[in-house]
Participant: 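Encoded as structure tokens, here's the structure I'll be asking about.
Residues: numbered from 1 along the sequence shown.
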Amino acid sequence: MAEESAIMEVDGGIMEGGGQILRISTALSCLLGIQTRVVRIRAGRSTPGLRPQHLSGLVTVRDLCAGQLENAEIGSTEVTFTPGKIKGGALTADTKTAGSVCLLLQVSLPCVLFAESPSELIFKGGTNAEMAPQIDYTTMVFKPIAEKFSFKLDCDIRRRGYYPRGGGEILVRVAPVKYLNPINLTDRGTITKIYGRAFVAGVLPYKMVKDMTSAAVRCIRRELRDLYVNIQAVQESGDKAVGNGSGIIIVAETSTGCLFAGSALGKRGVSADRVGAEAAEILLRNLHHGGCVDEYLQDQLIIFMALADGVSLLRTGPLTLHTQTAIHFAEQMTKAKFSIKKCEDSDSESYIIECQGIGLQNKNI
């Protein structure tokens, strides 16, 4: 266990000031074997302190490495984490709410890549929830790009769960790696394909899928006239989905393998047309900036860049606060060096994030 004197204090109230700081600092604490104390957790939020889904993320990492958590309870604004050894194996984590399974994956994945043995993780909660990536984003965009760091992420959606009941379940299998390769995502290429998935579940009428899809296609056609937009329309079966939900994700793929997405979930009082158009608008906005990743993937790649063995280059649109926050804590905890340069060669606002990774080695392999 880590020495008491070597405890690292993390300010959970600065910058983005939310659950993201907890996720990145806990994962890095686990990977680097550094005891950490996170203070002022979610200080600026309307309900400060740990919410159930943040707590389930912390408990998941604790269980992955047989670590210790102090003060980890709902509403707590200060938590101390003492990591142990990352073993791997089978683990089930349940948010008990519609808390996002994708955020449980986000905090666990870096850790299990450096485990002693392969991991089989069952995450229960919301698969398509507000304020978090949808599971379709994770499988269609995050997975293929993150795997460029040279690992395999196997993700099986067993059951979908929506707000407010949750009840979804995914099975994730990951084999450990010796180290992560750096990435170079600087050449965007041209858009070659647009595809996606629109769904309804529970009592919601199938007509909503058609409305979401046609509104999304109309919106995209206005800008990209000559590309076929292939959106799969799905009525989720009762045994594969818990509760009522609707939503859409649209992905654009480029000639160099870059992926961008726009997604939206149905909400009370918002027409299906509006939901479809919103997803299309988000996608188009992310195709305008000339970067190689969309605004949602940006921050999710930072931790892997920091850990990789060598120099990673990532071309992005305007940096989000989430990305700036991830860089701040990755630098503070790993001592990786990040630099950000504005691209002068483009009309739009794009940047190159360069990172000299620390080349973390898995001692077990």
Side-chain angles (χ1 to χ4, degrees), residues 100-102 105 126-130 132-147 153-163 167-172 191-255 257-267 270-287 293-294 296-297:
S100 167
V101 294
C102 304
L105 175 61
T127 56
N128 300 74
E130 287 289 353
Q134 293 192 45
I135 189 62
D136 307 278
Y137 185 90
T138 301
T139 56
M140 294 166 81
V141 179
F142 172 77
K143 170 185 148 72
I145 302 298
E147 285 182 339
L153 170 62
D154 183 26
C155 186
D156 178 23
I157 305 168
R158 289 181 158 180
R159 201 167 49 247
R160 289 169 180 270
Y162 312 103
Y163 182 81
E169 182 174 319
I170 64 171
L171 169 66
V172 175
I191 301 161
T192 52
K193 285 188 202 151
I194 296 181
Y195 51 90
R197 183 181 196 275
F199 70 88
V200 287
V203 299
L204 299 177
Y206 186 67
K207 179 183 183 303
M208 289 175 74
V209 171
K210 295 288 181 217
D211 290 349
M212 284 188 287
T213 304
S214 51
V217 171
R218 272 198 309 278
C219 188
I220 290 167
R221 285 267 157 77
R222 285 203 288 272
E223 291 208 19
L224 302 165
R225 289 188 182 77
D226 30 3
L227 275 175
Y228 175 65
V229 180
N230 182 18
I231 298 175
Q232 180 194 5
V234 184
Q235 170 96 53
E236 304 286 10
S237 63
D239 59 331
K240 283 274 190 268
V242 176
N244 305 315
S246 65
I248 183 168
I249 179 168
I250 317 158
V251 177
E253 189 175 317
T254 76
S255 54
C258 297
L259 297 167
F260 302 83
S263 65
L265 290 169
K267 288 187 270 305
V270 180
S271 72
D273 284 8
R274 189 64 227 125
V275 176
E278 185 192 341
E281 284 157 9
I282 292 170
L283 174 64
L284 291 169
R285 176 174 86 219
N286 278 287
L287 294 177
V293 291
D294 64 34
Y296 306 105
L297 191 60

Participant: Run the side chain to side chain contact (heavy atoms under 4.5 Å, CB included) check on D136 and R160 step by step: do they pass?
Facilitator: CA-CA 11 Å; D136 307 278; R160 289 169 180 270; 2.8 Å; yes

Participant: Would you say S237 and D239 are linked by a side-chain donor-acceptor pair, where the criterion is simply a distance under 3.5 Å?
Facilitator: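 Their side chains do contain a donor-acceptor pair, which is all the 3.5 Å distance test asks for.
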
Participant: Return yes when atom NZ of K267 has more than 12 non-hydrogen atoms of other residues, nucleotides or ligands closer than 6.0 Å, and no otherwise.
Facilitator: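 Correct, the count exceeds 12.
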
Participant: Measuring from E130:CD to S100:OG, what's the distance to the nearest 0.5 Å?
Facilitator: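 Reported to 0.5 Å precision, the distance equals 11.5 Å.
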
Participant: Give, for atom CG of N128 and atom CD1 of I248, the distance between the pair rounded to the nearest 0.5 Å.
Facilitator: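 Atom-to-atom, N128:CG and I248:CD1 are 12.5 Å apart.
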
Participant: Might you point out which heavy atoms bring V234 and Y206 nearest each other, and give the distance in Å?
Facilitator: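 In this case the closest contact between V234 and Y206 is C-CE1, 4.2 Å.
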
Participant: Sequence neighbours left out, what pairs pass salt bridge (charged side-chain N to carboxylate O under 4.0 Å, His left out) with at least one residue falling in residues 202-216?
Facilitator: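 Checked against salt bridge (charged side-chain N to carboxylate O under 4.0 Å, His left out) - neighbours excluded - the pairs reaching residues 202-216 are K207-D211.
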
Participant: To the closest 0.5 Å, what do you measure between CZ (F260) and CD1 (I145)?
Facilitator: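 F260 atom CZ to I145 atom CD1 measures 8.5 Å (nearest 0.5 Å).
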
Participant: So, R159 and E236, do they make that salt bridge, N to O below 4.0 Å?
Facilitator: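 Salt bridge absent between R159 and E236.
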
Participant: Using only atom types and a distance under 3.5 Å, with no angle test, would you say the side chain of E253 pairs donor to acceptor with the backbone of T192?
Facilitator: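 Answer holds: no.
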
Participant: Could you tell me how the ring of Y162 sits relative to the ring of F199: parallel (under 30°), tilted (30 to 60°) or perpendicular (over 60°)?
Facilitator: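 Aromatic pair Y162/F199 classed parallel.
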
Participant: Between the side chains of E147 and K143, is the shortest nitrogen-to-carboxylate-oxygen separation below 4.0 Å, so that they form an ion pair?
Facilitator: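 Answer for the salt bridge query: yes.
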
Participant: Rounded to the nearest 0.5 Å, what's the gap from CD1 on I250 to SG on C219? Could you check?
Facilitator: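 Here the interatomic distance stands at 8.0 Å.
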
Participant: Kindly indicate, with the supporting measurements, whether the criterion side chain to side chain contact (heavy atoms under 4.5 Å, CB included) is fulfilled by I170 and T138.
Facilitator: CA-CA 11 Å; I170 64 171; T138 301; over 6 Å; no

Participant: List the residues meeting side chain to side chain donor-acceptor pair (under 3.5 Å) with Q235, not counting sequence neighbours, and say none if there are none.
Facilitator: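 With neighbours one apart ignored, the set is empty.
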
Participant: Is a donor on one side and an acceptor on the other found under 3.5 Å between the side chain of Y137 and the backbone of L297?
Facilitator: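 Between the backbone of L297 and the side chain of Y137 there is a qualifying donor-acceptor contact (under 3.5 Å).
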
Participant: Any sub-3.5 Å donor-acceptor pair from D273's side-chain atoms to A215's backbone N or O?
Facilitator: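 Absent.
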
Participant: At what distance, to the nearest 0.5 angstrom, does CD of E278 lie from OG of S271?
Facilitator: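 If I round to the nearest 0.5 Å, the distance is 10.5 Å.
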
Participant: Might you work through the side chain to side chain contact (heavy atoms under 4.5 Å, CB included) test for L224 and L284, ending with a clear yes or no?
Facilitator: CA-CA 9 Å; L224 302 165; L284 291 169; 4.1 Å; yes

Participant: Quick one: closest heavy-atom pair of T127 and E169, and the distance?
Facilitator: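 For T127 and E169, the tightest heavy-atom pair comes out as CG2-N, 4.2 Å.
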
Participant: Any idea which heavy atoms bring I135 and C155 closest together, and the distance?
Facilitator: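 It is CD1-SG, 4.1 Å.
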
Participant: What's the shortest heavy-atom distance between I231 and A216, and which atoms?
Facilitator: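 Shortest heavy-atom contact: CD1-CB, 4.3 Å.
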
Participant: Which atom pair, heavy atoms only, marks the closest approach of G196 to M140?
Facilitator: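 Closest approach of G196 to M140: CA-CE, 4.2 Å.
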
Participant: Is the shortest side-chain heavy-atom distance between Y296 and I282 below 4.5 Å?
Facilitator: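 Sidechains of I282 and Y296: in contact.
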
Participant: Does the side chain of L227 reach to within under 4.5 Å of the side chain of I220, using non-hydrogen atoms?
Facilitator: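 They are not in contact (no side-chain heavy atoms under 4.5 Å apart), so the answer is no.
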
Participant: My understanding is that only residues two or more places apart in sequence, or in another chain, count here; which of them pass side chain to side chain donor-acceptor pair (under 3.5 Å) with D226?
Facilitator: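 Testing D226 for side chain to side chain donor-acceptor pair (under 3.5 Å), a comparison that skips the adjacent residues, returns none.
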
Participant: Please give me the minimum heavy-atom distance between V203 and N244, naming the atom from each residue.
Facilitator: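 Shortest heavy-atom contact: N-OD1, 2.9 Å.
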
Participant: Are V275 and L265 packed together at the side-chain level, in the sense that at least one heavy-atom pair is separated by less than 4.5 angstrom?
Facilitator: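 They are not in contact (no side-chain heavy atoms under 4.5 Å apart), so the answer is no.
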
Participant: Could you give the distance from CZ (R158) to NZ (K240), rounded to the nearest 0.5 Å?
Facilitator: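 Going from CZ on R158 over to NZ on K240, the span is 10.0 Å.
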
Participant: Below 4.5 Å, heavy atoms only, C-beta onward: do P144 and L259 meet side chain to side chain?
Facilitator: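 A side-chain contact exists here, since the closest heavy-atom pair is under 4.5 Å.
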
